[in-house]
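Single-structure report; data block below.
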Amino acid sequence: MDNLEVLLTQQGEAFDAFKKSHDEQIAELKKGMNDPVLTDRLGKIEKSLDAAVEAKAAIEAAIKAEKKEREDLEARINRHGIKASGEAEAKRELELKEFNITLASLAADQKKKFTELDHKGYDEYKSAFNSFMRKNDRMLTAEEVKTLSVGSDPDGGHFVTPDTTGRIVKKVYESSPMRQYASIQVISTDALEGIEDTGEAGAGYAGEHATSGNTTTPQVGKWKIPVFWIDTEPKATQQLLDDAAVDIEAWLSGKVADKFARFENAEFVTGAANKIRGFAAGYTFAADDGSGVTWGSIGYVATGVDGDFAASAKGDKLYDVMGTLKNEYLTGAAWFTRRSVITDIRKFKDGQNNYLWQPSFIAGQPETIMGYPVARMEDMPAKASNSYSLAFGNMKEHYQIVDRQGIRVLRDPYTAKPYIKFYTTKRTGGGVVNYEAIKFLKFGTA
């Protein structure tokens with residue numbers, strides 16, 4: 001909280017300096033002058049302002065992740081009907097239950113009989129897995145090999161225990177803005193399916209002994225989001241692994257989470273068809289005048305200038321984008337764009353000379369554009385000819401992330417000597433499920 005107070009002060013000072021310098025620059029430009037010293041000073045102020053805003057957002061994301069982790073834990077405990085005398089016992093029961101679900105799914109894939117582990121069996125698996133991480137496979141005892149076999153994947157490797165998986169997921173959540181805004185579902189199959197209700201049932205007045213006679217039936221379709229294998233290969237020396245003081249689970253979760261977060265975030269934003277489909281690419285876009293577009297297409301408003309904002313009244317198109325979004329999506333709506341676009345918008349004013357972009361001076365509340373939160377996503381396309389570099393809408397309604405339960409690790413001591421590689425895989429997917437919940441600003445003429 002002390003860090004937040006310092007950052008809030010820095011934000012306020014930087015924003016005041018920015019407004020003063022920007023107003024000076026506007027006055028100079030009106031006189032037909034362009035002071036390079038003033039321009040350079042403004043750029044440095046903006047960098048300082050961005051640094052404070054992003055540092056504040058990072059701290060708040062970590063706090064939000066802690067809160068979400070606790071809420072998710074309570075929800076999972078309640079969902080599984082776990083009764084325990086305290087949080088530690090409840091978490092232990094939950095880990096065992098969720099690990100058995102992963103193992104049951106694995107057994108179903110292999111068409112094998114499955115016997116649930118008890119607490120003793122789970123503790124033995126965790127101990128054997130730790131030995132597997134530290135030692136060469138051939139150095140494991142026969143009992144450790146047998147214990148590990150319950151979590152062996154047919155393609156090689158062993159499933160990570162839920163406590164380590166939880167650390168990885170938490171770190172990914174902190175690092176990846178898409179997971180903070182989109183809807184997330186964990187499954188035990190290879191795809192998530194849902195229903196598209198794209199029409200409305202008819203209604204009318206009915207009499208005491210007669211119906212209204214309305215026969216309008218809503219149109220119903222189906223969407224399907226498959227999961228895909230993604231992987232990473234963190235490396236460690238044998239000396240590190242031999243050090244008993246090193247928390248191998250923490251080391252692995254940190255390395256894996258960082259790689260997965262960066263890859264996933266890029267794919268959830270700009271992924272192509274036939275893989276994880278990003279929300280900002282791979283779909284059909286159609287010009288939207290406010291009356292909506294055909295289902296299956298995503299609406300946009302053009303700036304009127306190729307590769308840039310409008311020549312004058314630059315902020316007006318932002319209002320136009322907001323105006324195309326239905327009211328029911330405004331609750332929970334946010335702006336999604338990269339830092340360079342925010343830098344442009346930061347200079348825009350409304351008719352009362354107020355800046356459209358505002359930093360937040362309250363802990364827990366993000367920076368805003370016209371009163372709505374901003375999610376910084378550097379994976380969104382840069383401003384260019386006909387680019388879709390700015391979006392506004394409700395990401396939780398718009399985009400669905402799907403995770404297949406379980407993360408797998410294969411120890412490889414051979415291909416990167418003298419390092420030990422840990423080939424780590426998971427299965428995840430993503431796609432748009434509600435096409436009208438987000439609108440884009442297209443940097444083009446039409």
Side-chain angles (χ1 to χ4, degrees), residues 95-96 98-107 109-110 112 114 117 120-172 175-176 190 227-264 266-267 275 403-428:
E95 279 183 23
L96 177 60
E98 291 187 340
F99 194 51
N100 276 321
I101 290 172
T102 298
L103 298 182
S105 176
L106 174 64
D109 285 346
Q110 296 175 298
K112 289 184 177 180
F114 167 67
L117 294 181
K120 180 174 180 295
Y122 179 57
D123 289 340
E124 289 173 349
Y125 182 90
K126 288 180 69 174
S127 176
F129 185 82
N130 189 61
S131 297
F132 162 73
M133 295 282 287
R134 292 182 183 275
K135 303 176 186 177
N136 188 294
D137 293 22
R138 290 172 295 180
M139 296 175 64
L140 297 179
T141 67
E143 190 60 36
E144 285 173 331
V145 172
K146 180 180 177 182
T147 302
L148 272 179
S149 66
V150 300
S152 297
D153 190 275
D155 297 319
H158 303 281
F159 277 96
V160 175
T161 52
D163 53 346
T164 305
T165 299
R167 293 190 208 181
I168 293 172
V169 170
K170 175 174 174 273
K171 290 178 185 291
V172 168
S175 305
S176 181
D190 61 357
V227 291
F228 299 92
W229 289 105
I230 65 172
D231 61 35
T232 185
E233 295 180 314
K235 295 191 286 280
T237 63
Q238 188 60 56
Q239 183 176 356
L240 173 70
L241 300 176
D242 288 341
D243 188 346
V246 173
D247 186 339
I248 293 295
E249 291 180 341
W251 172 83
L252 179 69
S253 64
K255 293 290 186 181
V256 170
D258 180 58
K259 297 291 186 180
F260 278 168
R262 277 186 268 169
F263 177 82
E264 285 181 10
E267 293 302 292
K275 293 294 183 182
D403 291 326
R404 169 79 185 254
Q405 204 157 21
I407 293 174
R408 187 186 67 175
V409 173
L410 175 63
R411 190 181 194 276
D412 176 8
Y414 305 111
T415 59
K417 296 176 183 177
Y419 297 98
I420 313 298
K421 288 201 302 187
F422 293 92
Y423 179 62
T424 309
T425 59
K426 67 177 288 192
R427 296 173 75 181
T428 191

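Below, each value reflects all heavy atoms present in this structure, side chains not excepted, and no hydrogens, waters or symmetry copies. We're numbering straight along the sequence, starting at 1.
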I'd like to know if [X] and [Y] make a salt bridge, using a cut-off of under 4.0 Å between side-chain N and carboxylate O.
| X | Y | result |
| --- | --- | --- |
| Asp412 | Lys417 | no |
| Lys275 | Glu267 | no |
| Asp163 | Arg167 | no |
| Asp190 | Arg427 | no |

Is there side-chain contact between [X] and [Y], with at least one heavy-atom pair below 4.5 Å?
| X | Y | answer |
| --- | --- | --- |
| Met133 | Phe422 | yes |
| Tyr122 | Thr161 | yes |
| Trp251 | Pro234 | yes |
| Leu140 | Leu148 | yes |
| Leu252 | Val409 | yes |
| Glu98 | Thr165 | no |

To the nearest 0.5 Å, how far apart are [atom1] in [X] and [atom2] in [Y]?
| X | Y | atom1 | atom2 | value |
| --- | --- | --- | --- | --- |
| Ser131 | Glu143 | OG | CD | 12.0 Å |
| Leu117 | Leu103 | CG | CG | 5.5 Å |
| Leu106 | Lys112 | CG | NZ | 8.0 Å |
| Leu96 | Asp123 | CG | CG | 9.0 Å |
| Ile420 | Gln239 | CD1 | CD | 12.5 Å |

Looking only at non-hydrogen atoms, find the nearest pair between [X] and [Y] and report the distance.
| X | Y | answer |
| --- | --- | --- |
| Tyr419 | Thr237 | CE2-CG2, 3.7 Å |
| Thr424 | Phe260 | O-CZ, 3.7 Å |
| Gly157 | Arg408 | C-CG, 4.0 Å |
| Ala107 | Phe114 | CB-CB, 3.6 Å |
| Ile248 | Leu241 | CD1-CD2, 3.5 Å |
| Ala236 | Leu240 | CB-CD2, 3.7 Å |

Looking only at atom types and distance, does a side-chain atom of [X] sit under 3.5 Å from a main-chain N or O of [Y], one as donor and one as acceptor?
| X | Y | answer |
| --- | --- | --- |
| Arg411 | Arg134 | yes |
| Ser105 | Ile101 | no |
| Thr102 | Asn100 | no |
| Thr164 | Val160 | no |

**Prompt:** Regarding Arg404 and the six-membered ring of Trp229, is the cationic atom NZ or CZ under 6.0 Å from the ring centre and inside 45° of its axis?
**Reply:** no
**Prompt:** Below 6.0 angstrom between ring centroids: does that apply to Phe129 and Phe159?
**Reply:** no
**Message:** For a side chain to side chain contact (heavy atoms under 4.5 Å, CB included) check, start with the C-alpha distance between Glu144 and Lys135, then their side-chain angles and the critical distance, and finish with the verdict.
**Reply:** CA-CA 11 Å; Glu144 285 173 331; Lys135 303 176 186 177; 4.1 Å; yes
**Request:** Name the orientation class of the two ring planes belonging to His158 and Phe132 (parallel below 30°, tilted from 30 to 60°, perpendicular beyond 60°).
**Result:** perpendicular
**Message:** More than 12 heavy atoms of other residues, nucleotides or ligands under 6.0 Å from NZ of Lys421: yes or no?
**Reply:**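 Counting neighbours around NZ of Lys421, more than 12 heavy atoms of other residues, nucleotides or ligands fall under 6.0 Å, so yes.
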**Message:** Can you see whether Asp242 engages Gln238 through a side-chain donor-acceptor pair at a distance of less than 3.5 angstrom?
**Reply:**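 Per modelled atom types, Asp242 and Gln238 side chains form a pair under 3.5 Å.
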**Prompt:** Going by distance alone, is a donor N or O of one side chain under 3.5 Å from an acceptor N or O of the other, for Thr147 and Glu124?
**Reply:**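 No, no side-chain donor-acceptor pair sits under 3.5 Å.
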**Asked** Does the pair Thr428 and Ile230 meet the rule for a side chain to side chain contact (heavy atoms under 4.5 Å, CB included), with working shown?
**Response** CA-CA 7 Å; Thr428 191; Ile230 65 172; 3.9 Å; yes
